[in-house]
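One structure below.
Every chain is numbered from 1, with letters handed out A, B, ... down the list of sequences. Here the structure is a predicted model, which is why all the values come from computation and not from measurement.
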2 protein chains.
Amino acid sequence: MEEIRLTPTSYIVLGLLEQEEDVTPYDLKAMVAAGIGNLWSLQHTQLYAEPERLTKAGYLTETREDGGRRRKLYSITAAGRDALHAWLSKEPDDELPEVRDIGLLKVFFGADPGPIALKLAQAHRVKLREYEALEQTLAGTEPAGPLTALRAGLGHEREWVRYWSGLAGEDDAR
Amino acid sequence: MEEIRLTPTSYIVLGLLEQEEDVTPYDLKAMVAAGIGNLWSLQHTQLYAEPERLTKAGYLTETREDGGRRRKLYSITAAGRDALHAWLSKEPDDELPEVRDIGLLKVFFGADPGPIALKLAQAHRVKLREYEALEQTLAGTEPAGPLTALRAGLGHEREWVRYWSGLAGEDDAR
DNA sequence: TGAAGCATGTAATTTGTTACATGATTGG
DNA sequence: CCAATCATGTAACAAATTACATGCTTCA
């Protein structure tokens, strides 16, 4: 049993596996795409590597399908649940997220904001509409976490639309 | 002369070196902290590794101080400028940034938002005040890029304060 | 029935982080 | 003049991305 450091990637995998058993990396890919991936996306290859790491450390068990391709199926262990819940209830630190937007980086270093703003205002409008639709779907469902997190995404998408629209010399109407 | 892939880290170094010559990694660290680091921070060790990479590829030149510690001094080359400007004026893609906030990740997976919200609302208020002060400093200066980028940061900090204050059951007064 | 694209995975490479270390400077 | 902290860097390690590869479905 190896000691490993748990990263955000680890917690995403643990969090998803807490909800469902006997999950393949491919299933994980779909689960990520369905929700958390909006907030924190992962490459599909990480969804092969990370469960392996977590298994070595005792947080997951790995079994094989009987027939067919004998794909790997992962499930969370008690130790995995413990680690997840310990993290969820740990005293929060006050680490702030960074913006890390490529377009903004270019603007910082002197790029003409116009074309960037046009493109990104449009892209954020699309994303905003997608979130608004998702909000309808999630409204009133349990657990509440995904909806609460989504509302942060909504706020930031609105802010991005406001910001880039202003720079593009448009109004921000949709 | 080696081929290398230019990453955001590369462009940050190139962008900073366009403004000044004969810069040590330590200087770079200070330059990052003074501005772009708010948007996109780098570990100090990357500021040793990255200029070396860029030098091998012909985008920078490396010289040595005469006396003392004979520290390494970097300056941008014509090829470096070209690469930077090509990037700055390239047709923008519409890649959207992700939020990647640890607190929000916890909320998504079911953590109690209360304590997280309290802590982060406070931290974002502090950051917001810092940005407001910076805005005063930058107002009217040239080049305009840093101020324009800062205004995005201001908008998002306000949005974070609004969001987390709401979840903390505070009003968002400062 | 064959092409397109989805599903599934491995391996190599590159990037970024952490750990460690030591010389210089400065405030108390 | 001592402790703290800033300045400066290297090396080892871990993580994430990219490249590659191949089996399976489906539908034209």
Nearest whole angstrom, please: distance from the [atom2] of [N] to the [atom1] of [X].
| X | N | atom1 | atom2 | answer |
| --- | --- | --- | --- | --- |
| Tyr48(A) | dC20(D) | OH | P | 19 Å |
| Glu50(B) | dT15(C) | CD | C1' | 9 Å |
| Ile4(B) | dG16(C) | CD1 | P | 11 Å |
| Asp27(A) | dC6(C) | CG | C1' | 14 Å |
| Leu47(A) | dT8(C) | CG | C1' | 12 Å |
| Glu3(B) | dA19(D) | CD | P | 14 Å |
| Arg5(B) | dA16(D) | CZ | P | 17 Å |
| Glu52(B) | dT14(C) | CD | P | 15 Å |

Practice task
Would you please confirm or rule out a distance under 4.0 Å between OP1 or OP2 of dG9(C) and any side-chain N or O of Arg71(A)?
Solution key: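 No.
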Exercise for the section: Check step by step if side chain to side chain contact (heavy atoms under 4.5 Å, CB included) holds for Tyr131(A) and Val126(A). Expected result: CA-CA 9 Å; Tyr131(A) 282 177; Val126(A) 169; over 6 Å; no
Problem - Strand-adjacent residues in residues 37-46 of chain A, judged by heavy atoms under 4.0 Å from DNA chain C - result: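 Heavy-atom contacts with DNA chain C come from His44(A), Thr45(A).
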Can you tell me if [X] uses its side chain to pair, donor with acceptor, with the backbone of [Y] under 3.5 Å?
| X | Y | result |
| --- | --- | --- |
| Thr24(A) | Lys72(A) | no |
| Thr141(A) | Thr137(A) | no |
| Ser165(B) | Arg162(B) | no |

Handout entry: Other residues, nucleotides, ligands: >12 heavy atoms within 6.0 Å of Glu130(A) CD
Key =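 Counting neighbours around CD of Glu130(A), more than 12 heavy atoms of other residues, nucleotides or ligands fall under 6.0 Å, so yes.
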Problem - For His156(B), side chain to side chain contact (heavy atoms under 4.5 Å, CB included) partners two or more places apart - result: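 Partners of His156(B) under the side chain to side chain contact (heavy atoms under 4.5 Å, CB included) test: His156(A), Glu159(A), Trp160(A).
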